[in-house]
Enquirer: 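Below is the structure I would like to discuss, written out as structure tokens.
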Amino acid sequence: MTKTLKRDLCDIRDPSKFNSEITDLPERLKEHLPQHVKYACLYWASHLGKASSADDDIRICLTEFCETKLLQWMEVMSLLGDLPSAVHSLKLAEQYILASSSLHHLLHLVQDCHRFLLKYYEPISLSAAHIYYSALPFMPNSTLLETYGHEVGSSVRLLAGRKPSWSLCTRTLELGTGIAQSVTISPNGLTFASGHVNAVVRIWDVATGVVIMELNAHEKPITSVAYSPDGSIIASGSDDNSVRTWDVKTGKVGATWRGDDSHSDHRVICLTFSCDGRYIAFGSSNKLVRIWDLLQDPEAQYVVELKGHMGRITSLRFSPDGTQLATASNDHTVRIWTMEDVLRKEPEKVIDGVGNETNGEDSDRMKAIVLLGHFFSINSVRYSSDGARIVTGSDDRSIRIWDSRTGHQIRVIYCHTKVSTLTVVDDGDYHYIVSGCEDSTIRVFDASSGELRATLEGHFGRAESINLSLAHNLMISSSSDFTIRLWNWSASLRDARAIVPPRASAIVGVSFSPNGNWIGAASVDGKVQLYRRDGVLITTLDSEARSWDSGAGFLFSPDSSRILTRRLDDMLLHLWDTSDGALIARPDAEDQSVSLDRVCFSPNNALLAAWSDSNDILLWETVNGTPIVTLRGHVETIRSVAFSPDSRRLVSGSDDGRILVWDTMRHQLIMGLFGHDSPVVELMFSADGGVIMSRSKTKGFICWNAMTFKNIGGNPNTPVPYSSQTETGGRFNRGQWVGNWRIELEKDWMVLRSKPNAKGERMQKRLCWVPSTLRGRPLSSNRAEIRWDSHGSVAVCGVHTRRLAILDFSAMLELILGPRWNEE
């Protein structure tokens, strides 16, 4: 392999193509990949594992291969369509190196390669070339990057935002559609199952993150899934009022319980298996808990019903020894049922959490210990591994630990946000509670002390479900952001108990300055930070800014010398000098309805115009923020304002369809333009200032002569063919035009797309895959918040994350369009 393998072994040359788009790939592989080299690529790690010891020859050969050919070998495995074998080979190699002290110098490199393949499995599986164009450029600082960083070449360059090390999240699976409301790991740790709102149950391969099987029989969203203790059966509960069991090997439906649709709401919210796999307990929205004996009643004819809760059942678990069942509800209580009493169906007393006994009002109630203490809905209940403790998480922002025998409350852990799901980890001397929170984080608490030990970030939405397999060092979480994430429950997490690092504030808006030299980033803590193009922080504006409809949370002047923000506490505008971050003035808008999407600078940078709900336009000087005049004339709400290129004219449009033209030097009304019969939502001047174009809410447009103010074209009822807001391309998914090309984000790939030709056809070249952590939005949203510089070659992203990233596509544009691409 070391003699044959090289980059682009099959001479494909075009990195924009997926493997599946290379029509003659089999012939190319046959020509460039000899059979003996193909065999070596597939089985080298298996043979390595059979070697008795690492002698000098093995050490020398393996060192050369790992330090020079790992990525080229990965290319071949991608082209062969066998990345699962590559994942397995790297795992075998890691085990062999661990057992051979003379090879420990390769350990970090091979471990990095394994993490690299898992993290960027999607683009690598689609295209071998994107090992270099999509994966290597975005990977964190590591031994692999140090060894192979020179291979990035003409790929996208990450100017800022590279992570300092691997995160605990090893893989992010983007679902596209169908949030996973429940995830569960198989007992052997090789697969996991997920239940989705689009009524599908999926079984995944843990090693590769590939879907092995889809189970379709439910008619409505899946709310809960669980493996049987022996891993042979998956049970699923659904909003279609049913519980189904599935054979894991065949995917066939086994037994089914279905509620009576004609009588009440039997929507299944949660379910769980008993430790021996005999019983399935499930809770419904109609306040009932049911227990299904799979052994004696496979047809679900005699399901035991437990009454007592006054609200829908949200979570339930059997104790590890199977003697108890704990159920939680949105009635703010947890009930502990003794299985012996439940199966005897004997009506008994209800016992509250402090030992007080009260006679049950309903003779159908079974004996239960009622845990009282939460103030809002309880979303999750779990047992400790020894069954002595019960842990609950609630919308009241607390986690509570209870004695499972007496029902007494042992400890309260207060969280800063609602707890949507949790799991309990007993790892030797360490006892943890892992909670999924409303704020999208996963937090790890010490169960003994209640202290926060770690905060895991990555999700963009509330955690829906968490499942952990300590034996396999694996945690899986699903979220409302349409992703499933796999986490490495490692020693680094278990030992992270000295200091929990402060969380960086989430970025709510980013934007380039017009001159392209600055990047502004507004965060939820009220600060706007200014960066250079290379990501170096220049200054911080402590403005308590807020993101408005303008998207960024701040506004640059045309010459980039000023930046305008709006405070969150008093709603006042603040004008800053970008060169030193000094506050210039606080323009007094008097009316708090003046927000950043109702403000614009004049092209000559001298004036600042703002309009409010009072139907007035306010003008200030930008040199020192001095107010000049208030322009009054509109009788209905102003919707749009625009300056002429020479800044001598100002046009404004309102809800009544009226357009007013103002002289900014004399501060006088010049003319009123009438033609629209619906709100004027957009105004703009032509580049020479000779034409005013107006667009109404009904999409009709009119062109006006800026000197005579006559209607010279357009139709107030015809959709506008051009819009500055949609074609400038500086915001969100599109860059600026570079000649006939521009870069666009298509789902999770950056593509270089041409203007339509005479036939309306557009050419495109795939540039790179973009990780979800940089897009800042789940794939399902179809919109990433990415801003571009004026050349359309540098993008800044990181909105809704806590990490600003700057991507430079200049080298790729030069490779594709030629060295003079930016002169067009």
Enquirer: Apply side chain to side chain contact (heavy atoms under 4.5 Å, CB included) to H108 and list each qualifying residue two or more places apart in sequence or on a separate chain.
Expert: Q111, T143

Enquirer: Before giving the answer on side-chain hydrogen bond (donor to acceptor under 3.5 Å, both in side chains), spell out for H459 and T483 the whole-Å C-alpha distance, their side-chain angles and the decisive distance to 0.1 Å.
Expert: CA-CA 8 Å; H459 282 300; T483 67; 3.2 Å; yes

Enquirer: Measure the CD1-CD1 distance between I484 and I179 for me, rounded to the nearest 0.5 Å.
Expert: 11.0 Å

Enquirer: My understanding is that only one of V510, T539, T540 makes a side-chain contact (heavy atoms from CB on, under 4.5 Å) with Q529; could you say which?
Expert: T540

Enquirer: Could you walk me through whether S154 and E814 pass the side chain to side chain contact (heavy atoms under 4.5 Å, CB included) check?
Expert: CA-CA 8 Å; S154 58; E814 181 175 337; over 6 Å; no

Enquirer: Donor-acceptor pair, E21 side chain versus F18 backbone, under 3.5 Å?
Expert: yes

Enquirer: Nearest 0.5 angstrom please: L9 CG to W73 CH2, how far?
Expert: 15.0 Å

Enquirer: Check whether any side-chain N or O of T578 sits under 3.5 Å from a backbone N or O of S561 as a donor-acceptor pair, and report yes or no.
Expert: yes

Enquirer: Of all heavy-atom pairs between L807 and F138, which one has the smallest distance, and what is that distance?
Expert: CD2-CE2, 3.6 Å

Enquirer: Is there a side-chain contact between L173 and V211 (heavy atoms, below 4.5 Å)?
Expert: no

Enquirer: Cut-off 3.5 Å, side chains only: do N488 and W166 have a donor facing an acceptor?
Expert: no

Enquirer: Could you pull out the closest heavy-atom pair between A135 and F116, with the gap in Å?
Expert: CB-CZ, 3.3 Å

Enquirer: Are the side chain of S754 and the backbone N or O of M763 linked by a donor-acceptor pair below 3.5 Å?
Expert: yes

Enquirer: Establish, from distance only, whether the side-chain atoms of W204 and S194 form a donor-acceptor pair under 3.5 Å.
Expert: yes

Enquirer: Applying side chain to side chain contact (heavy atoms under 4.5 Å, CB included), can you list everything that pairs with S644, at least two apart in sequence or on another chain?
Expert: D646, R649, F685

Enquirer: Assess the side chains of Y120 and E122: does a donor N or O sit below 3.5 Å from an acceptor N or O?
Expert: no

Enquirer: Of the non-hydrogen atoms in M139 and R162, which two are nearest, and what is the gap between them?
Expert: O-NH1, 2.6 Å

Enquirer: Regarding K747 and E174, does a basic nitrogen lie under 4.0 Å from an acidic carboxylate oxygen?
Expert: no

Enquirer: What heavy-atom pair brings C10 and H32 nearest, and what distance separates the two atoms?
Expert: CA-CD2, 3.7 Å

Enquirer: Looking at N604, is its backbone amide N or carbonyl O close enough to the side chain of S647 to form a donor-acceptor pair, meaning the two atoms are under 3.5 Å apart?
Expert: yes

Enquirer: Which atom names give the shortest non-hydrogen contact between S134 and P123, and what distance separates them?
Expert: CB-CB, 4.0 Å

Enquirer: Under 3.5 Å, is there a donor-acceptor pair between the side chain of S810 and the main chain of S793?
Expert: no

Enquirer: For T208, is there any backbone N or O sitting under 3.5 Å from a side-chain donor or acceptor partner on D205?
Expert: yes

Enquirer: Classify the side-chain pair S560/N517 by whether it contains a donor and acceptor separated by less than 3.5 Å.
Expert: no

Enquirer: Could you check whether R533 pairs with D808 (Lys NZ or Arg NE/NH1/NH2 to Asp/Glu carboxylate O, under 4.0 Å)?
Expert: no

Enquirer: Taking the side chain as every heavy atom from C-beta outward, state whether V794 and I806 have any atom pair closer than 4.5 Å.
Expert: yes

Enquirer: What closest approach, in Å, do C703 and V691 show between heavy atoms, and which atom pair accounts for it?
Expert: CB-CG1, 4.0 Å

Enquirer: Roughly how far, to the nearest 0.5 Å, is SG of C797 from CG of L804?
Expert: 7.5 Å

Enquirer: Give a yes or no on whether K30 atom NZ has more than 12 heavy-atom contacts from other residues, nucleotides or ligands under 6.0 Å away.
Expert: no

Enquirer: Before accepting this row, confirm whether a basic side-chain N of the pair R753/E746 lies closer than 4.0 Å to the acidic partner's carboxylate O.
Expert: yes

Enquirer: Are R485 and S477 close enough that a side-chain donor and a side-chain acceptor fall under 3.5 Å?
Expert: no

Enquirer: Sub-3.5 Å donor-acceptor pair from the side chain of H196 to the main-chain atoms of G178, do we have one?
Expert: yes

Enquirer: Would the distance check show the side chain of S440 and the main-chain N or O of G461 forming a donor-acceptor pair, the cut-off being under 3.5 Å?
Expert: no

Enquirer: So, applying side-chain contact (heavy atoms from CB on, under 4.5 Å) with E75, which one of K6, R7, K69 is it?
Expert: R7

Enquirer: Within the 4.5 Å heavy-atom criterion, are C768 and F809 side-chain neighbours or not?
Expert: yes

Enquirer: Can you confirm if the aromatic rings of W576 and F556 lie within a centre distance of less than 6.0 Å?
Expert: no

Enquirer: Closer than 3.5 angstrom, by distance alone: can the side chain of S557 be matched with the main-chain N or O of R562 as a donor-acceptor pair?
Expert: yes

Enquirer: For the pair S16 (side chain) and K765 (backbone), establish whether a donor and an acceptor sit closer than 3.5 Å, ignoring hydrogens and angles.
Expert: no

